[in-house]
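From a predicted model like this one, the values you see are computed outputs, not experimental measurements.
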Amino acid sequence: FSPDYSWDAAYERELQTFQDIGDAGEIWFGEESMVRIIRWLEKQKIPLDSSVLDIGTGNGVLLIELAKSGYTDLTGIDYSPSAIQLSEKVREKEGMSNIKLKVEDFLAPSAELSGFEICIDKGTFDAISLNPDNAVGKRKQYVRSLCNVLKPEGFFLITSCNWTKEELLNEFREGFEILEELPTPKFCFGGRIGNSVTALVFQRK
C-alpha cells in the first residue's frame, strides 16, 4: 500500500467526474472549514494582495473561494499531478486565471516557493502524519518546510481531524506561536463532548 498511489487514484477519479459532470468532487472538511478560514482573514483585515499558499490544494476549491472574496495573490501546490490537473480544470471553469497552481512536494519544496505571508493547510499535515514510512521524520520536515516558505510573522492556518490542539502546539512549537483557536463543530460521544476537527492559527516567530 502506497499512500501516494491512493491519493493520486482518488484525484484521478475526481478528474474524470469533473470532466463528465463538472463537479469538483470532495471538499475536505466541508464548506464550513473554508468559511472559517475566510472569516478569520477578513476579521484580521488581512490585505487582499497578501501572498497566500494553499498546501495540498487538492481540487483547488479553497483558492476559488478566496479569489471570490477578493484575494489576488493565490498559489496552490499538491504533489499529486492529478490534483493539480483537477484544480486547473476547476480554475478554468470558474474563470480564475490568476490563481497559480504547481505540482510540488511540500517536504522538498522548490526554491521559488518562499516569501508567503499566509499558509493554509486543510488535512495535508494529517495525511503526512499518517504516512506509515517515517511519519515522525516527515512531520519534522514539514515544519522545516513551513519555516522556509512562510515569512517571519506570517500566519499559518491549520485544520486537522487527527490532532488535538495540544498535540499541534507541540508539533509546531519550534518557530511558531499560537495566536488563536478557531471554533469548530462539537460532537458528543458517550456523554463526553469533543471536537472532531481542530483549527488553529499560528504566527511564525
Chemist: Distance check, rounded to the nearest 0.5 Å: L150 atom CG versus N148 atom CG?
Modeler: 10.5 Å
Chemist: Salt-bridged, K140 to E171, with N to O below 4.0 Å?
Modeler: no
Chemist: Does the distance from a Lys or Arg side-chain N to an Asp or Glu carboxylate O, for D54 and K122, drop under 4.0 Å?
Modeler: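 Looking at K122 together with D54, the answer is no, because their closest N to O distance does not fall below 4.0 Å.
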Chemist: Applying the side-chain contact (heavy atoms from CB on, under 4.5 Å) test to D126, which of N162, D121, T159 qualifies?
Modeler: N162
Chemist: Given side chains that start at C-beta, do those of F125 and Y142 come closer than 4.5 Å, heavy atoms only?
Modeler: yes
Chemist: Do I46 and F155 touch side chain to side chain, with heavy atoms closer than 4.5 Å?
Modeler: yes
Chemist: Could you tell me whether E174 and R144 have a side-chain N and a carboxylate O separated by less than 4.0 Å?
Modeler: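 Salt bridge absent between E174 and R144.
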Chemist: So, for S69 and E42, which heavy atoms are closest and what is the spacing to 0.1 Å?
Modeler: CB-OE2, 4.0 Å
Chemist: Return the minimal non-hydrogen interatomic distance between A67 and M96, and the atom names on each side.
Modeler: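 Distance-wise, the nearest heavy atoms are CB-SD, 3.6 Å.
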Chemist: With a 4.5 Å limit on heavy-atom distance, are the side chains of E153 and K205 in contact?
Modeler: no
Chemist: Report yes if the side chains of F116 and D73 come closer than 4.5 Å at any heavy-atom pair, otherwise no.
Modeler: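 When only atoms from C-beta onward are counted, D73 and F116 do not touch, as no gap falls below 4.5 Å.
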Chemist: Could you tell me whether a side-chain N or O of E167 sits under 3.5 Å from a main-chain N or O of T164, the two making a donor and an acceptor?
Modeler: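 Yes, the answer is positive, given that a donor and an acceptor are paired below the 3.5 Å cut-off.
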Chemist: Are the side chains of L53 and I120 in touch, meaning some heavy atoms are under 4.5 Å apart?
Modeler: no
Chemist: Main chain of Q203, side chain of E177: is a donor-acceptor contact present, judged purely on distance under 3.5 Å?
Modeler: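 Not confirmed, E177 side chain does not pair with Q203 backbone.
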Chemist: Using the rule side-chain contact (heavy atoms from CB on, under 4.5 Å), only one of L200, T198, L168 pairs with W163; which is it?
Modeler: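 In the set L200, T198, L168, the residue that makes a side-chain contact (heavy atoms from CB on, under 4.5 Å) with W163 is L168.
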Chemist: Between R204 (side chain only) and F156 (backbone N and O only), is there a donor and an acceptor less than 3.5 Å apart?
Modeler: no
Chemist: With distance as the sole test, does K138 use its side chain to make a donor-acceptor pair with the main-chain N or O of D133 at under 3.5 Å?
Modeler: yes
Chemist: Mind checking whether I77 and L113 have side chains closer than 4.5 Å, heavy atoms only?
Modeler: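 Side chain of I77 against side chain of L113, heavy atoms only: contact under 4.5 Å found.
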Chemist: State whether the side chain of T75 and the backbone N or O of K100 hold a donor-acceptor pair below 3.5 Å, judged by distance alone.
Modeler: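 Pair absent, no side-chain N/O of T75 close to backbone of K100.
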Chemist: Is the shortest heavy-atom distance from the side chain of F176 to the side chain of C147 under 4.5 Å?
Modeler: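 Yes - at least one pair of side-chain heavy atoms lies under 4.5 Å apart.
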Chemist: Do I37 and W40 make a side-chain contact, defined as non-hydrogen atoms from C-beta onward lying under 4.5 Å apart?
Modeler: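 No; the side chains remain at least 4.5 Å from each other.
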Chemist: Are V61 and I84 joined in one hydrophobic group, where the rule is that I, L, V, M, F, W and Y side chains link up if heavy atoms are under 4.5 Å apart?
Modeler: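 In one cluster with V61: I84, yes.
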Chemist: Give a yes or no answer on whether the side chain of D78 reaches the backbone of G58 with a donor-acceptor pair at less than 3.5 Å.
Modeler: yes
Chemist: Using side chain to side chain contact (heavy atoms under 4.5 Å, CB included), reason through V90 and I64 one step at a time and then give a plain yes or no.
Modeler: CA-CA 8 Å; V90 174; I64 299 286; 4.0 Å; yes
